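The next block holds one structure in the form of structure tokens; read it before the comments.
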Amino acid sequence: QVQLVESGGGLVQAGGSLRLSCAASGRTFNYAMGWFRQAPGKEREFVGAISWSGGSTYYADSVKGRFTISRDNAKNTVYLQMNSLKPDDTGVYYCAAALRAIPWYSLPDYWGQGTQVTVSS
């Protein structure tokens with residue numbers, strides 16, 4: 001079992017930055033981690049993911065060049081640095097974990113509860 005708790009969401013103006021954190025606990029060894037988001041009235045969509053070692057990352061085209069995923073395995077924490085935010089980035093951001101390599105072709109095994117990100121224009 002893996003437990004995931006997100007933090008760092010909030011309200012930011014367009015063009016601003018936020019950093020989300022995801023604290024993992026439980027049997028986290030060898031898990032790839034990632035982020036998804038869900039805007040109001042829309043389906044949950046993939047944002048990005050990072051391998052267990054941190055050596056590989058994978059991003060949705062909509063966030064490439066603006067978002068960066070990193071991880072600190074000593075702290076069991078994954079980060080999502082979001083820069084140049086746009087109103088379209090608004091949504092609930094979910095941390096996820098899966099015991100398989102990225103890119104993921106199926107849904108992750110574990111999910112956090114989500115943290116709200118709101119980007120005002």
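Predicted model, so just to flag it, every value in this text is computed and none were measured. Count residues from 1 along the sequence.
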Closest non-hydrogen atom pair between S21 and W35, with its separation: O-CH2, 3.7 Å
Can you confirm whether L85 sits close enough to L18 that some side-chain heavy atom of one is under 4.5 Å from a side-chain heavy atom of the other? yes
Donor-acceptor pairs under 3.5 Å, side chain of residues 38-50 to any protein atom, not counting sequence neighbours: which ones?
residue: Q38; atom: NE2; partner: K42; partner atom: O; Å: 3.1
residue: E45; atom: OE2; partner: R37; partner atom: NE; Å: 2.6
residue: E45; atom: OE2; partner: R37; partner atom: NH2; Å: 3.1

Gap between atom CG of L99 and atom OH of Y110 - 0.5 Å precision: 8.5 Å
Would you mind listing every disulfide (SG to SG under 2.5 Å) that reaches into residues 74-121, with sequence neighbours excluded? C22-C95
Pairs under 3.5 angstrom only: tabulate donor-acceptor contacts from the side chains of residues 74-82 to other protein residues two or more places apart or in another chain.
residue: T77; atom: OG1; partner: K75; partner atom: O; Å: 2.8
residue: Q81; atom: NE2; partner: N83; partner atom: OD1; Å: 2.9

Atom CZ of R66 and atom OG of S84: how far apart are they, to the nearest 0.5 Å? 7.0 Å
ILVMFWY network linking Y93 to V119, side-chain heavy atoms under 4.5 angstrom: yes
Filter on salt bridge (charged side-chain N to carboxylate O under 4.0 Å, His left out), then keep only pairs touching residues 91-103, sequence neighbours left out; what's left? R100-D109
Just by modelled atom types, is the Q113 backbone N or O under 3.5 Å from a matching donor or acceptor in the E6 side chain? yes
Return the set of residues passing side chain to side chain donor-acceptor pair (under 3.5 Å) with S7 (not counting sequence neighbours), or none when no residue passes. none
Does any non-hydrogen side-chain atom of T90 lie less than 4.5 Å from one of V117? no
Is the side chain of Y59 donor-acceptor paired with the backbone N or O of I69 at a distance under 3.5 Å, no angle test? yes
What are the two closest non-hydrogen atoms of S121 and P87, and how far apart are they? CB-CG, 3.9 Å
How does the hydrophobic cluster around W52 look, that is, which other residues are in it when side-chain heavy atoms under 4.5 Å mark a link? F29
Straight-line distance of L4 CG to Y31 OH, nearest 0.5 Å: 9.5 Å
Please name the pair of heavy atoms, one in I102 and one in A32, separated by the smallest distance, quoted to 0.1 Å. CG2-CB, 3.9 Å
Shortest non-hydrogen contact from W104 to A96? CH2-O, 4.0 Å
Any S25 side-chain heavy atom under 4.5 Å of V2 side chain: no
Answer whether the closest heavy-atom distance between the side chains of P108 and F36 falls below 4.5 Å. yes
Main-chain N/O of G9 paired to T115 side chain as donor or acceptor, under 3.5 Å: yes
In Å, rounded to the nearest 0.5 Å, how long is the span from NZ of K64 to OG1 of T57? 9.5 Å
L20 and V12: same hydrophobic cluster, using ILVMFWY side-chain contacts below 4.5 Å? yes
